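Before any comments, here is the structure.
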2 protein chains.
Amino acid sequence: MQHRAYGSLGVAEICTRADVRKGSFYHFFESKQALTLATIDAHWQAEGALWDAALDVEAPALTRLGRLLATLIAEQHRAHRRTGVVHGCLYANLALELSTQDRLVQTRLEEIFNEQIALVQAVLEDAGAEHAVPPESADRATARAVLAQYEGIVMFAKLANDPAVLDDIWEQTMRIIGAKIPLTLG
Amino acid sequence: MQHRAYGSLGVAEICTRADVRKGSFYHFFESKQALTLATIDAHWQAEGALWDAALDVEAPALTRLGRLLATLIAEQHRAHRRTGVVHGCLYANLALELSTQDRLVQTRLEEIFNEQIALVQAVLEDAGAEHAVPPESADRATARAVLAQYEGIVMFAKLANDPAVLDDIWEQTMRIIGAKIPLTLG
């Protein structure tokens with residue numbers, strides 16, 4: 001589901017790839033939608049752990065934000081090395097393909113993006129308290145802009161199938177948040 | 001194709017909706033891929049005219065950039081009023097759904113995004129010459145960041161099915177390009 005469009009992937013093919021029978025599939029998942037929701041949750045559980053590892057450390061706020069972006073970019077490079085394909089963002093892929101058709105998936109994706117926006121906003125509030133960004137950058141709109149910028153660049157990286165497209169995202173991110181001191185990503 | 005996923009839309013349904021026979025369809029289009037390429041080109045022809053109308057005027061560069069974003073946002077509002085659905089960006093929708101599967105579509109989408117990036121870069125170069133942005137903002141990376149930011153916010157607007165999500169994009173865009181004077185969008 002990470003590097004194939006949802007609509008082109010049928011339960012029969014999923015079962016063949018996973019070497020299970022259709023009966024077994026439907027024993028665990030009511031439908032392809034149920035599998036999709038489980039995939040989204042499993043993905044966010046694993047990715048959320050990476051977010052925590054980057055953000056839940058004793059370090060200046062912008063260092064933590066830099067670590068988060070470096071982690072996400074490294075994951076895109078790693079997937080590309082392993083599969084030859086830039087996977088992009090599972091949530092964005094599903095959002096653009098399914099959000100007008102599947103209310104349950106749409107709701108779950110919005111919840112995850114809202115969690116991500118809140119996590120970034122918390123870092124920006126810390127950065128504001130540390131006087132590393134101006135106070136007006138410590139708001140939800142700026143946090144959402146940081147993620148929007150990332151998602152847009154991920155889309156360009158996926159289209160070019162080149163994870164290096166992501167490598168200069170930090171400079172633009174610093175401009176969005178109004179960071180005063182140039183920092184190296186990492 | 002604007003508000004349905006590509007994979008979920010078959011030629012049979014397209015023919016039913018358009019009230020034509022399958023034979024007629026295949027008289028004009030070799031395949032669904034051929035229709036997709038024609039749709040992309042027709043869309044960019046129409047949308048490109050909106051870009052020109054916003055950018056090819058006698059006005060300061062940032063006013064023209066503001067007009068472009070206002071035009072794109074107005075289009076999202078208009079489609080939402082007409083259909084009840086935020087269409088998002090046709091190119092991004094197809095990029096995330098198809099780019100790993102369809103080389104011709106992928107190539108065409110990259111060309112269009114490159115045209116868009118070049119158009120924004122040209123405006124930024126004018127803005128640099130007018131001292132409205134710092135010289136380092138008049139580059140391709142910044143132009144791409146402006147579009148990435150727009151595409152990311154469009155994805156959030158599509159997911160929330162709320163075009164108002166786009167309304168405060170100008171403030172973040174000004175920060176990306178390092179604009180010194182706050183300008184009103186429009």
Side-chain angles (χ1 to χ4, degrees), chain A residues 2-9 83-89 91-103 105-107 109-110 113-114 117 136-137 141-142 144-161 165-166 168-169 171-178, chain B residues 2-9 83-89 91-103 105-107 109-110 113-114 117 136-137 141-142 144-161 165-166 168-169 171-178:
Chain A
Q2 264 287 40
H3 64 111
R4 277 278 298 281
Y6 177 90
S8 75
L9 195 61
T83 65
V85 173
V86 171
H87 285 176
C89 168
Y91 321 120
N93 298 349
L94 291 171
L96 293 196
E97 191 181 346
L98 290 185
S99 67
T100 56
Q101 301 170 69
D102 188 319
R103 182 57 64 97
V105 169
Q106 180 257 328
T107 303
L109 293 173
E110 271 206 287
F113 279 124
N114 283 334
I117 291 168
E136 63 268 25
S137 289
T142 305
R144 194 180 60 188
V146 167
L147 280 169
Q149 166 70 16
Y150 171 76
E151 292 292 343
I153 295 281
V154 163
M155 187 267 287
F156 287 142
K158 187 173 161 90
L159 187 57
N161 197 30
V165 168
L166 284 153
D168 64 357
I169 199 175
E171 196 184 321
Q172 271 86 36
T173 303
M174 283 198 304
R175 290 195 208 157
I176 291 173
I177 64 178
Chain B
Q2 264 286 40
H3 64 111
R4 278 277 299 280
Y6 176 91
S8 75
L9 195 62
T83 65
V85 173
V86 172
H87 285 175
C89 167
Y91 321 121
N93 299 349
L94 291 171
L96 293 197
E97 191 181 346
L98 290 186
S99 67
T100 57
Q101 300 170 72
D102 190 319
R103 182 55 66 96
V105 169
Q106 181 257 328
T107 303
L109 293 173
E110 271 207 288
F113 279 124
N114 283 334
I117 291 169
E136 64 268 25
S137 289
T142 306
R144 195 180 60 189
V146 167
L147 280 170
Q149 166 70 17
Y150 171 76
E151 292 292 344
I153 295 282
V154 162
M155 188 267 287
F156 287 141
K158 187 174 161 89
L159 187 57
N161 197 29
V165 168
L166 285 153
D168 64 357
I169 199 175
E171 196 183 321
Q172 271 87 36
T173 303
M174 282 197 304
R175 290 196 207 156
I176 291 172
I177 64 179

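It should be emphasised that the depicted structure is a prediction, and the values quoted were computed from it without experimental measurement. Chain identifiers are assigned alphabetically (A, B, ...) following the order of the sequence lines, protein sequences preceding nucleic acid strands; residue numbering begins at 1 within each chain.
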Side-chain touch Glu97(A)/Asn93(B), heavy atoms, less than 4.5 angstrom: no
Distance (rounded to the nearest 0.5 Å) between Phe113(B) CZ and Met155(A) CE: 3.5 Å
Proximity breakdown for Thr173(B) and chain A, heavy-atom pairs closer than 4.5 Å: neither
Leu159(B), Val154(B), Leu96(B) screened by side-chain contact (heavy atoms from CB on, under 4.5 Å) with Leu96(A), the one that passes: Leu96(B)
Part of Thr107(A) within contact of chain B (heavy atom distance under 4.5 Å): neither
Contact class of Asp168(B) relative to chain A, heavy atoms under 4.5 angstrom: side chain
Phe156(A) side chain reached by Leu147(B) side chain, heavy atoms, under 4.5 Å: yes
Distance-minimising heavy-atom pair for Arg144(A) and Val165(B): NH2-O, 3.3 Å
Greater than 12 external heavy atoms within 6.0 Å of Glu110(A)'s CD: yes
Side-chain (Gln106(A)) to main-chain (Ala160(B)) donor-acceptor, under 3.5 angstrom: no
Residue pair Gln172(A) / Ile177(B), side-chain heavy-atom distance below 4.5 Å: no
Check: Glu151(B) main-chain N/O paired with Glu151(A) side-chain donor or acceptor under 3.5 Å: no
Nearest-0.5 Å distance that lies between atom CD in Gln149(B) and atom CZ in Arg175(A): 12.5 Å
Top contributor to chain B contacts, counting heavy-atom pairs under 4.5 Å, from Ala148(A), Ala95(A), Ala145(A), Ala92(A): Ala148(A)
Separation between CD1 of Ile176(A) and CE of Met174(B), rounded to the nearest 0.5 Å: 13.0 Å
